[in-house]
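Just the heavy atoms: all of them, side chains too, but no hydrogens, waters or symmetry mates, feed the values below.
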Number of protein chains: 2
Amino acid sequence: MTEGWQSYRTEKLPEATVLRLGLYQRVLAEFARARRTTISSDELGRHTGENPANVRKDLSRLGTLGTRGTGYDVGTIAARIDEVFATSTPRRVVVVGLGNLGRALVRSRSFFQQGFEVAALFDSSPAVVGTTVAGHVVQPMESVTPEVEALGARFGVLTVPPEAAQDAVERLVRGGVGYIVNFAPKLLQVETTVVVRYVDLSIELQMLGYVEAQGLRSTTSSSIGSSGRQLGSPSAEVLS
Amino acid sequence: MTEGWQSYRTEKLPEATVLRLGLYQRVLAEFARARRTTISSDELGRHTGENPANVRKDLSRLGTLGTRGTGYDVGTIAARIDEVFATSTPRRVVVVGLGNLGRALVRSRSFFQQGFEVAALFDSSPAVVGTTVAGHVVQPMESVTPEVEALGARFGVLTVPPEAAQDAVERLVRGGVGYIVNFAPKLLQVETTVVVRYVDLSIELQMLGYVEAQGLRSTTSSSIGSSGRQLGSPSAEVLS
DNA sequence: TAGATTGTTAATCGATTAACAATC
DNA sequence: TAGATTGTTAATCGATTAACAATC
């Protein structure tokens, strides 16, 4: 994609790797701010709670980027990860549902980053429609499909109550949205071309409740929860 | 635990199973509201996006609860899942950080459910301290440790900026908190007896960005993300 | 009985980790 | 050169899925 520079034909990365690349990115940004030019898999592992072997495996999937005996160049891998996420392509995201969570996400600095930008906001409540949230005037549900289409938005965030989720997603998809983060605890019926990530915040506390009830303890304090992979996700998640 | 009724000595369940039990619970509640008394692994699977074989496997770990040829009794498995999560034991949760996300969680009906209750709120900003959020007066950071101790709270939610996370977690742990959901994108240094779940909301959108960039499409629209879970995590997560 | 659906085994898949040769 | 650290292989672990006998 850039001349004089090999453009790796990155094959489909494992979901777990993609999830971790985001973590690495953050640590790399910290290192860059601290004017550190080099980082080892060991350091990256210590800052993310990941096994260094796993870090190397993840990074090696992006190409041969490290230098034996030295480590990785901070700028090089940061740029490579940005490339994988295509952060330079601006992506318009619409948000449906401006209750507490929707507002929090729209206002937060961290949710929309890396090339994502809020393009429009929608809500079903007449009390909310017409108000301004984070610089955007909230529009009614009837406007979802035409607006999404007009904006060419491909990404949607669903922060509506579960009963409203199916209707909302249909409006989004009709307008052309193909990638959705769904915070409503409800399985959505969508065409198989539409990619949905399900995020369920209440499950995290419940999981801790289980761990306490069992009197179990983690031995190492590691890693991340996609908030969802977590399991993933943790988490069984869409993709592949 | 209850007389005349076998108390299964549920062994440590796989993390992925625990995450799914929460999903099942929700579908069961829906069925109960609809006065349905029976549910099959197939129906439960259709409503959660899980494979029916996996549903049966999960449920069989809780004991022999189903009836061949018929399915599962809605009330029985709902009660059994509640038992696993020990939802009848009230659990006090304190929240540190009342920015957009902290407020959203405290006000939301769905985050604190099933035996969890907000016990106290804390923030470092003088402008926020003293204000009332969802019926609780926000207290300063200096009060975290003594208040947690006085309340006997064992659970904490961290919704502070990453720079403030380590200080906050130390105050929580000193007061006796042992189970933490951390929304700050920062790995916490804690004793190994403390269980931390990491939730990273921005990773979900990033993952979708990756999928779009690759031009990939999911074939089936399935399941959940612990919000991180998707692995849970999706998502490498703490526990075991 | 015939049909339905569980409980469980075996096969598969994907992800993590340890170990070490390659090499800076 | 000696020390450090990558890239990669092989071993392990955990989770999913298909298949089917057991049984209501």
Side-chain angles (χ1 to χ4, degrees), chain A residues 8 11-21 24 38-46 48-74 76-77 80 219-220 222-224 226 229-240, chain B residues 8 11-21 24 38-46 48-74 76-77 80 219-220 222-224 226 229-240:
Chain A
Y8 320 83
E11 296 313 322
K12 195 161 164 290
L13 301 169
E15 174 164 356
T17 293
V18 177
L19 256 12
R20 280 188 299 262
L21 291 181
Y24 301 155
T38 291
I39 192 167
S40 67
S41 61
D42 201 79
E43 287 172 301
L44 212 31
R46 252 181 298 115
T48 55
E50 296 301 328
N51 182 303
N54 219 356
V55 172
R56 292 198 295 278
K57 191 153 235 222
D58 285 338
L59 294 179
S60 74
R61 285 188 232 261
L62 307 185
T64 305
L65 303 168
T67 308
R68 288 160 132 107
T70 308
Y72 301 88
D73 180 77
V74 172
T76 305
I77 50 176
R80 185 73 188 96
T219 333
T220 12
S222 62
S223 207
I224 227 231
S226 72
R229 226 261 148 172
Q230 327 41 108
L231 209 208
S233 130
S235 337
E237 253 136 336
V238 177
L239 177 66
S240 128
Chain B
Y8 320 82
E11 296 313 320
K12 198 162 162 287
L13 300 168
E15 174 163 356
T17 294
V18 177
L19 256 12
R20 280 189 299 264
L21 292 180
Y24 302 155
T38 291
I39 192 167
S40 67
S41 60
D42 200 79
E43 288 171 300
L44 212 31
R46 253 182 296 116
T48 55
E50 296 301 327
N51 182 303
N54 219 355
V55 172
R56 291 199 296 280
K57 191 155 238 225
D58 284 338
L59 294 179
S60 74
R61 286 188 231 261
L62 307 184
T64 305
L65 303 167
T67 307
R68 288 161 132 107
T70 308
Y72 300 88
D73 179 77
V74 172
T76 305
I77 49 176
R80 185 72 188 95
T219 334
T220 14
S222 63
S223 209
I224 224 220
S226 74
R229 141 106 4 176
Q230 266 87 54
L231 288 202
S233 284
S235 337
E237 252 136 338
V238 178
L239 180 64
S240 132

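Within 4.0 Å (heavy atoms only), B:S41 reaches sugar-phosphate atoms of the nucleic acid but no base atom.
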For this session: Fill in the dot-bracket string of DNA chain D, one character per base: . for unpaired, | for a pair to another strand, ( ) or [ ] for pairs within the strand, taking Watson-Crick or G-U pairs under 3.5 Å.
Result: ..||||||||||||||||||||||
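For A:L65 and D:dG7, the CG to P distance is 7 Å, given to the nearest whole Å. Nucleotide D:dG7 holds its P atom 14 Å from the CG atom of A:N54, rounded to whole Å. Distance CD (A:E43) to C1' (D:dT6): 14 Å, rounded to an integer number of Å. Atom pair A:L62:CG and D:dT6:C1' shows a separation of 14 Å (rounding to whole Å applied). Separating the CD atom of B:E50 from the C1' atom of D:dT16 is a distance of 9 Å, rounded to the nearest angstrom. Here the P atom of nucleotide C:dA4 and the CD1 atom of B:I39 are 18 Å apart, to the nearest Å. Atom CG in B:D42 sits roughly 14 Å away from atom P in D:dT17 (whole-Å rounding). Between B:L59 atom CG and C:dT8 atom C1' there is a gap of 14 Å when expressed in whole angstrom units.
Among residues two or more places apart in sequence or in another chain, the side-chain contact (heavy atoms from CB on, under 4.5 Å) test is passed with A:T70 by A:T38, A:T67. Listed by chain and residue number, nothing satisfies the salt bridge (charged side-chain N to carboxylate O under 4.0 Å, His left out) test with B:R68 (two or more places apart in sequence, or in another chain). A:D42 is linked by a salt bridge (charged side-chain N to carboxylate O under 4.0 Å, His left out) to A:R46, counting only residues two or more places apart in sequence or in another chain.
The distance from the CZ atom of B:R61 to the CZ atom of B:R56 is 13.0 Å, given to the nearest 0.5 Å. Here the CG atom belonging to A:L44 is positioned 11.0 Å from the CZ atom belonging to A:R20, to the nearest 0.5 angstrom. Of the inter-residue distances, the one linking B:K57 atom NZ with B:N51 atom CG reads 11.0 Å to the nearest 0.5 angstrom. Distance check, rounded to the nearest 0.5 Å: CG of A:L21 to CD1 of A:I77 gives 9.5 Å.
Taking only side-chain nitrogens and oxygens, A:Y72 never comes nearer than 4.0 Å to OP1 or OP2 of D:dA4. In this model, the phosphate group of D:dA15 is not approached by any side-chain N or O of B:R20 to a distance below 4.0 Å at OP1 or OP2.
Checking side-chain atoms of A:R80 against main-chain N and O of A:L62 turns up a donor-acceptor pair under 3.5 Å.
The only member of B:T17, B:T48, B:D58 that meets side-chain hydrogen bond (donor to acceptor under 3.5 Å, both in side chains) when paired with B:Y24 is B:D58.
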Seminar exercise, completed: 5' to 3', nucleotides 18-24 of chain D under a 4.0 Å protein heavy-atom cut-off (B base, S sugar-phosphate only, - none) gives BBBBBBB
